[in-house]
Amino acid sequence: MSEQRNLEGLSALVTGATSGIGRAAAEELGRRGAEVVVHGRDPVRGTAVAATITAEGGTARFVAADLSDPAQLDDLAGHADVVDVLVNNAGFSWFGPTADLDVATFDRLFAANVRAPYFLVAALAPKMAARGSGSIINIASMAGQIGLAGGAAYGATKATLASMTRSWAAEFSPAGVRVNAIAAGPVLTAGAATDRIEALGATTLLSRAARPAEIAEVIAFLASSKASYVTGAVIAADGGRTAI
């Protein structure tokens, strides 16, 4: 097995894989030989991601689902069935004054960022444990590690995800399933306001925001056997922001 194809023979489900970190992760896992289930809500974008992976010599298929809908969440888990790697990336962010956040948006934040990964793990991790191997990678955020003005609700969802990561590691790692999180710093994606991300990037030790591909490299490492002794970790990929 070559270094470039070190995930050959593995299957991976990447949620929110039609743009940003999710797309970069799906394409990187595909380049490394994994068979990728590309999840998203937009069939046009999802099919395009799967086609890109296939054109580069990989294998991929797109599955559409709105993870805020429990029935569609169950359907996605059923379509994925048995996977070796689960990347819980789907979610969204909201920043602003605490008093400006309405109940519907608050509930949507927790449904996407907490409830969806919880029930995907509930559906897929026991199957990994039964086979004695697997890797679950949750995309958390530095917002869950530090205080950011306007980020109380969003940060709470990501802190919860980091906490669940540690608990899932305690539950599933004795059966061979590694569970880790990446506390990503500011990342330049189409779904985030560029000025805000660049301003946050300027506060890091590297004085810049990340590219999605830089986070995807960490995801690919955690998915691989090179991370065979890493579990229960919340890895900072934030340009050093939480170190200061």
Side-chain angles (χ1 to χ4, degrees), residues 7 10-32 34-94 105 107-124 135-141 154 157-158 161 181-182 184 187-194 197 210-220 222-223:
L7 300 179
L10 300 182
S11 58
L13 166 60
V14 182
T15 66
T18 59
S19 63
I21 293 171
R23 176 168 188 158
E27 292 177 357
E28 183 62 27
L29 297 179
R31 278 190 289 270
R32 294 185 183 223
E35 181 179 340
V36 183
V37 178
V38 176
H39 159 264
R41 291 180 297 174
D42 186 329
V44 174
R45 292 196 303 175
T47 301
V49 175
T52 296
I53 294 170
T54 302
E56 293 181 348
T59 303
R61 60 189 173 95
F62 171 67
V63 177
D66 181 347
L67 299 188
S68 67
D69 180 342
Q72 293 189 47
L73 182 62
D74 287 345
D75 286 344
L76 174 63
H79 279 293
D81 190 22
V82 177
V83 293
D84 301 291
V85 178
L86 168 62
V87 181
N88 279 313
N89 167 75
F92 84 104
S93 63
W94 186 94
T105 305
D107 289 345
R108 182 184 168 210
L109 268 171
F110 276 82
N113 298 359
V114 176
R115 187 177 70 190
Y118 185 95
F119 284 104
L120 278 178
V121 169
L124 299 177
S135 177
I136 297 169
I137 303 156
N138 300 313
I139 306 306
S141 170
Y154 174 70
T157 66
K158 293 303 186 177
L161 189 55
I182 299 171
V187 182
L188 290 166
T189 66
T194 301
I197 296 302
R211 293 174 288 105
E214 292 178 296
I215 309 303
E217 289 284 354
V218 184
I219 294 169
L222 290 173

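Computed over heavy atoms, backbone and side chain alike; hydrogens, waters and symmetry mates excluded. Residue numbers count from 1 along this sequence.
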Any pair counted as side chain to side chain donor-acceptor pair (under 3.5 Å), so long as it reaches residues 55-67, sequence neighbours left out: R31-E56, D66-S68
Over all atoms of both residues, closest heavy-atom pair of V38 and A60: CG2-CB, 4.3 Å
S93 side chain to Y154 backbone, donor-acceptor under 3.5 Å: no
Check against side-chain contact (heavy atoms from CB on, under 4.5 Å), H79 and V37: CA-CA 9 Å; H79 279 293; V37 178; over 6 Å; no
Salt-bridge present (R32, E217; N to O < 4.0 Å): yes
side-chain contact (heavy atoms from CB on, under 4.5 Å) between V114 and L161, intermediate numbers included: CA-CA 6 Å; V114 176; L161 189 55; 5.7 Å; no
Shortest non-hydrogen contact between A223 and S135, atoms and distance: CA-OG, 3.9 Å
Over all atoms of both residues, closest heavy-atom pair of A25 and V14: CB-CG1, 4.4 Å
From CH2 (W94) to OG1 (T105), nearest 0.5 Å: 7.5 Å
D84 and S11: side chain donor to acceptor below 3.5 Å: yes
Non-hydrogen side-chain atoms of I21 and I219 separated by less than 4.5 Å: yes
Nearest-0.5 Å distance that lies between atom OG1 in T18 and atom CG in N89: 9.5 Å
Under 3.5 Å donor-acceptor, N113 side chain and F92 backbone: yes
Backbone of G16 reached by a side-chain donor or acceptor of H39 within 3.5 Å: yes
Rounded distance (nearest 0.5 Å) linking atom CZ of R108 with atom OG1 of T157: 12.0 Å
Other residues, nucleotides, ligands: >12 heavy atoms within 6.0 Å of R115 CZ: yes
Interatomic distance, L120 atom CG to I136 atom CD1 [nearest 0.5 angstrom]: 9.5 Å
NZ on K158 to CG on N138, rounded to 0.5 Å: 9.0 Å
Nearest non-hydrogen partners of I53 and A26, listed with the distance: CD1-O, 3.5 Å
Minimal non-hydrogen separation, T189 against G20, with atom names: CG2-CA, 3.8 Å
Heavy-atom closest contact (L76 atom, A65 atom, distance): CB-CB, 4.1 Å
Stepwise side-chain contact (heavy atoms from CB on, under 4.5 Å) test for V85 and L7: CA-CA 10 Å; V85 178; L7 300 179; 5.8 Å; no
Between CG on residue N88 and OG1 on residue T15, distance to nearest 0.5 Å: 5.0 Å
Pairs satisfying salt bridge (charged side-chain N to carboxylate O under 4.0 Å, His left out), at least one member in residues 68-77, at least two apart: none
